Amino acid sequence: EVQLVESGGGLVEAGGSLTLSCAASGFTFDDYAIGWFRQAPGKEREAVSCMSTDGVASYADSVKGRFTISSDKAKNTVTLQMDNLKPEDTAHYYCVADRSYYYCSGYGPTQQIDYWGKGTLVTVSS
C-alpha cells in the first residue's frame with residue numbers, strides 16, 4: 001500500500017519557521033519525484049516545491065529563498081524547511097509523488113499526480 005505521511009504542521013507567528021516531513025512507503029522511492037503542494041482556504045491547490053530523482057529542486061516563486069526541500073533516500077523521507085513564514089503561507093500542505101518531475105513541479109494537471117498524502121495544516125499568524 002502506497003503511503004505518504006506528512007508531519008510537522010502547526011501554528012507559528014509570522015517570521016517563524018516550521019519543518020514539514022513526508023515519510024514515503026509502498027513504492028520505489030528512487031523512481032519518483034517527491035514534493036509539496038498546498039491549498040489555502042478558498043484557493044486552488046498550488047505546487048510549492050519538488051525534488052527530482054537526481055536531486056534537482058524546484059520552487060514556486062512565492063517561496064524561493066524561504067523554503068528548502070531535501071530528501072533522505074536512506075529513510076525514504078522528504079523534508080520542507082520553511083523559514084520567514086508569512087500569513088499567506090497558511091494552508092494545508094500535501095506531500096506528492098509522481099514519476100514526472102514536471103507534474104510534481106506543478107506544470108501539469110494535479111489530477112495526473114500519482115500519489116497524495118492526506119495533508120498537514122500550517123497556520124501563520126500575523
Side-chain angles (χ1 to χ4, degrees):
E1 179 188 6
V2 171
Q3 285 192 315
L4 296 171
V5 180
E6 304 96 335
S7 61
L11 174 64
V12 65
E13 292 184 351
S17 298
L18 280 175
T19 303
L20 303 184
S21 292
C22 173
S25 62
F27 61 95
T28 305
F29 188 84
D30 289 355
D31 290 345
Y32 284 76
I34 312 285
W36 297 87
F37 275 62
R38 68 184 180 186
Q39 186 168 21
K43 296 188 177 181
E44 293 187 355
R45 287 185 180 182
E46 61 174 355
V48 175
S49 180
C50 182
M51 178 73 78
S52 74
T53 55
D54 54 2
V56 176
S58 67
Y59 298 95
D61 287 343
S62 59
V63 307
K64 280 181 182 176
R66 300 188 298 121
F67 290 12
T68 304
I69 191 170
S70 60
S71 68
D72 185 335
K73 293 188 175 183
K75 296 182 179 180
N76 282 10
T77 59
V78 171
T79 299
L80 186 68
Q81 176 65 39
M82 306 187 296
D83 298 317
N84 190 21
L85 282 160
K86 303 176 181 181
E88 51 264 43
D89 294 317
T90 295
H92 280 91
Y93 283 72
Y94 299 89
C95 182
V96 301
D98 197 276
R99 289 184 179 271
S100 167
Y101 176 60
Y102 181 85
Y103 286 155
C104 176
S105 298
Y107 293 108
T110 57
Q111 300 93 317
Q112 296 291 340
I113 291 175
D114 290 333
Y115 305 121
W116 290 82
K118 293 183 178 180
T120 186
L121 178 62
V122 171
T123 303
V124 184
S125 63
S126 57

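Please read these numbers as outputs of a predicted model, since none were measured by experiment.
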* Structure fact -> Rounded to the nearest 0.5 Å, the CG atom of Asp30 sits from the OG1 atom of Thr53 at a distance of 8.5 Å
* Just wondering, do Ser7 and Thr120 contact through their side chains at under 4.5 Å, heavy atoms? -> no
* Taking all non-hydrogen atoms of both residues, which atom of Cys50 and which atom of Ser105 are closest, and how far apart? -> CB-OG, 3.7 Å
* Asked: Which is it for Ser125 and Glu13 under the side-chain hydrogen bond (donor to acceptor under 3.5 Å, both in side chains) test, yes or no, and what are the steps along the way?
  -> CA-CA 5 Å; Ser125 63; Glu13 292 184 351; 5.2 Å; no
* To do: For the residue pair Tyr93 and Glu6, establish whether any side-chain heavy-atom pair is separated by less than 4.5 Å.
  => no
* Ionic contact status for Asp89 with Lys86, cut-off 4.0 Å -> no
* To do: Mark yes when over 12 heavy atoms from residues, nucleotides or ligands other than Lys75 sit less than 6.0 Å from its NZ; otherwise mark no.
  => no
* To do: Test side chain to side chain contact (heavy atoms under 4.5 Å, CB included) on Tyr103 and Val96 and set out the steps.
  => CA-CA 10 Å; Tyr103 286 155; Val96 301; over 6 Å; no
* Kindly indicate whether the side chain of Leu80, heavy atoms from C-beta on, has any atom under 4.5 Å from the side chain of Ser49. => yes
* To do: Apply side chain to side chain contact (heavy atoms under 4.5 Å, CB included) to Met82 and Trp36, showing your working.
  => CA-CA 12 Å; Met82 306 187 296; Trp36 297 87; over 6 Å; no
* Asked: Is Glu46 paired with Arg38 through a side-chain N to carboxylate O contact shorter than 4.0 Å?
  -> yes
* Start with the C-alpha gap between Thr19 and Thr79, add the side-chain angles, then the distance that decides, and say whether side chain to side chain contact (heavy atoms under 4.5 Å, CB included) holds. => CA-CA 7 Å; Thr19 303; Thr79 299; 3.2 Å; yes
* Report the C-alpha distance between Val12 and Ser17 in whole Å, list the side-chain angles of each, state the deciding distance to 0.1 Å, and finish with yes or no for side chain to side chain contact (heavy atoms under 4.5 Å, CB included). => CA-CA 7 Å; Val12 65; Ser17 298; over 6 Å; no
* Asked: Heavy atoms, side chains only, cut-off 4.5 Å: are Trp116 and Thr110 in contact?
  -> yes
* Asked: Is the Phe27 ring parallel, tilted or perpendicular to the Tyr32 ring (thresholds 30°, 60°)?
  -> perpendicular
* **Heavy-atom pair of closest approach, residues Cys22 and Leu4** => SG-CD2, 3.9 Å
* Identify which one of Phe67, Phe37, Tyr59 satisfies the side chain to side chain contact (heavy atoms under 4.5 Å, CB included) criterion when paired with Val48. => Phe67
* Asked: Atom OG1 of Thr90 and atom CG of Leu121: how far apart are they, to the nearest 0.5 Å?
  -> 8.0 Å
